[in-house]
Amino acid sequence: MIHRLLALLLVVEWSSVPVQVAAQEHVHSKIAATPPVVSSNTRIAATAAGLRVFENQSSIPNTVEVRLTATPARLSLRPGTATDVYSYNGGVPGPTLEVREGDRVIVHFKNELPEATTVHWHGLHLPFDSDGSPFHPVAPGEEYEYAFTVRPGSAGTYWYHPHPNHETGIQVARGLYGAVIVRAADDPLPASLTEKLLILSDNRFLADGSLDVPELHSPRGRIDFENGREGDILFVNGEVMPTLSIRSGEIQRWRVINVSAGRYYRLSLPGHTMLHVGNDGGLFERPVEVSEILLASAERVELLVRGTGEPGSAAVLRALPYDRYIIQTRPSDWDRPRDLLRLQYTNEPAMTPVVLPKVLRPIPVLDTAEATGTRVMVLTQGFINSRVMDMSRVDVSASLGATEIWEVENLVGLDHPFHLHGFQFQVLDRDGVPELYRSWKDVVNVPKHQRARFIVRYENHAGKWMFHCHILDHEDHGMMGILEVK
Ligand code: C2O
Ligand code: CU
Ligand code: CU
């Protein structure tokens, strides 16, 4: 009850941060589109023009060396209008980075934006100076090299995005995000499955095509701060309502990434059930049959879609309503389902479904008996343990190799997706209810007035690692802390 009261009484304070940055008038020709490697489907290759893959410039085995440049560009995000955006290598979304476990990855990054930025490799286990956190800003005109070795066992779906102090949300809104796929040599799912990558984003525009980013202290700016900025236009791979095709009987492997600053997606494909096979840090031990999946900001899932529809029929992937909001700022149309993409069945006769493995891969248990401490994180609106982030303060200090439990409690009436850099964790329980199956995660949604516990081992990399709410408007205003591992 006290919690509920607090939620109602909380007054949020934030420092004045310049939100609007003048974009340079700078027109870039679109980089020649490389067909997405992950999709054998020509229709999606043709429609998902935004999905490009990095070209590996290295000929050394097990080495991936790529160039990444952040530049202003003028592109058509909303059909029919041009918008001044920020792009990675000239497009939105940025190119997909495809690597294998054990690969050495070197990213030569150049910042051609008129402001500082970083590239954060969300969810990857890598050295501190390659994390792209606010500790390593790249000034305009500067270059930076991100280098890491892809950890064995980390096959999964990740993403990259800017992470400069206070400006992450606006830079992501301007178009800076891209996918990372880590592949395993011994992937248990049949290689014959058609794979699709779906990057879910949303955005909001003014009539002239510019991004709708209200002044922070305006009433609408305040709503964006409370909820996380949501847009009325939903994109899949930078496109509005694209069509994917499937053959009757076919099983497809979908990797879904939520790059939205605030929007959650409660995914459902009416008429179909899905097999949920993986989370942020890769595959589960076995598939789980579900009728819907909730994806909080920054979360990823891998799922198998079974083409149980008739040849020639169609289905729509939807985001069902999910009430993550505090009542005072809940959008009036929050309960409206949203269409994301159309799944069109080909006219080919039904095929015999591929046989799926019952077991995917073992996930080592992080044993609570080995935990040497519990970190308690109390979330309120804009604060963690009543503080805002301070770059010169260490909030949690721990030794390299230690295993610890984090208990994250949300005292307010709005969900907060809690994220930790550098180390994947295992959720133990949510509101005391043990997690049904083990998986690797780097974001855990902590619903209103609930509590989640996870276990983590700080392996291999010393450094200062951010933990924060992944509603970008919250993170940018200091709902973040620093874990120092040494
Ligand atoms: Cu997507 Cu600090 O993270
Ligand atoms: Cu991260
Ligand atoms: Cu939050």
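Every heavy atom of this structure was used, including side-chain atoms; hydrogens, water molecules and symmetry mates were not. Residue indices begin at 1 and follow the sequence shown. Indexing begins at 1, ligand by ligand and atom by atom, following the structure's order.
- Within H120, the N, O or S atom at minimum distance from the Cu ion (ligand 2) carries the name NE2.
- Partners of R457 by salt bridge (Lys or Arg N to Asp or Glu O under 4.0 Å), not counting sequence neighbours, listed by chain and number: E370, E459.
- Listed by chain and number, the residues in a side-chain contact (heavy atoms from CB on, under 4.5 Å) with I223 are N227, T329 (sequence neighbours excluded).
- Note on atom 1 (Cu) of ligand 1: protein N/O/S atoms under 2.8 Å are H122 ND1, H161 NE2, H470 NE2.
- Ordered by chain and number, H416 ND1, C469 SG, H474 ND1 make up the set of protein N, O or S atoms under 2.8 Å of the Cu ion (ligand 3).
- In summary, the side chains of D476 and H166 do not present any donor paired with an acceptor at a separation below 3.5 Å, with no hydrogens or angles considered.
- For the residue pair D202 and S260, a side-chain donor N or O sits within less than 3.5 Å of a side-chain acceptor on the partner.
- The pair D224-R204 meets the salt-bridge criterion, with a side-chain N (NZ, NE, NH1 or NH2) lying under 4.0 Å from an Asp/Glu carboxylate O.
- Not one N or O on the side chain of E435 forms a donor-acceptor pair closer than 3.5 Å with the backbone of Y437.
- The Cu ion (ligand 2) is closest to atom NE2 of H419 (considering only N, O or S atoms).
- Between E101 and R151 there is no salt bridge, since none of the side-chain N atoms of the basic residue sits less than 4.0 Å from a carboxylate O of the acidic one.
- The pair D415-R324 does not meet the salt-bridge criterion, since no charged nitrogen lies less than 4.0 angstrom from a carboxylate oxygen.
- The residue from Q450, H470, H474 that alone fulfils the side chain to side chain donor-acceptor pair (under 3.5 Å) condition with H416 is H474.
- A salt bridge links E404 to R375: one of the charged nitrogens lies within less than 4.0 Å of a carboxylate oxygen.
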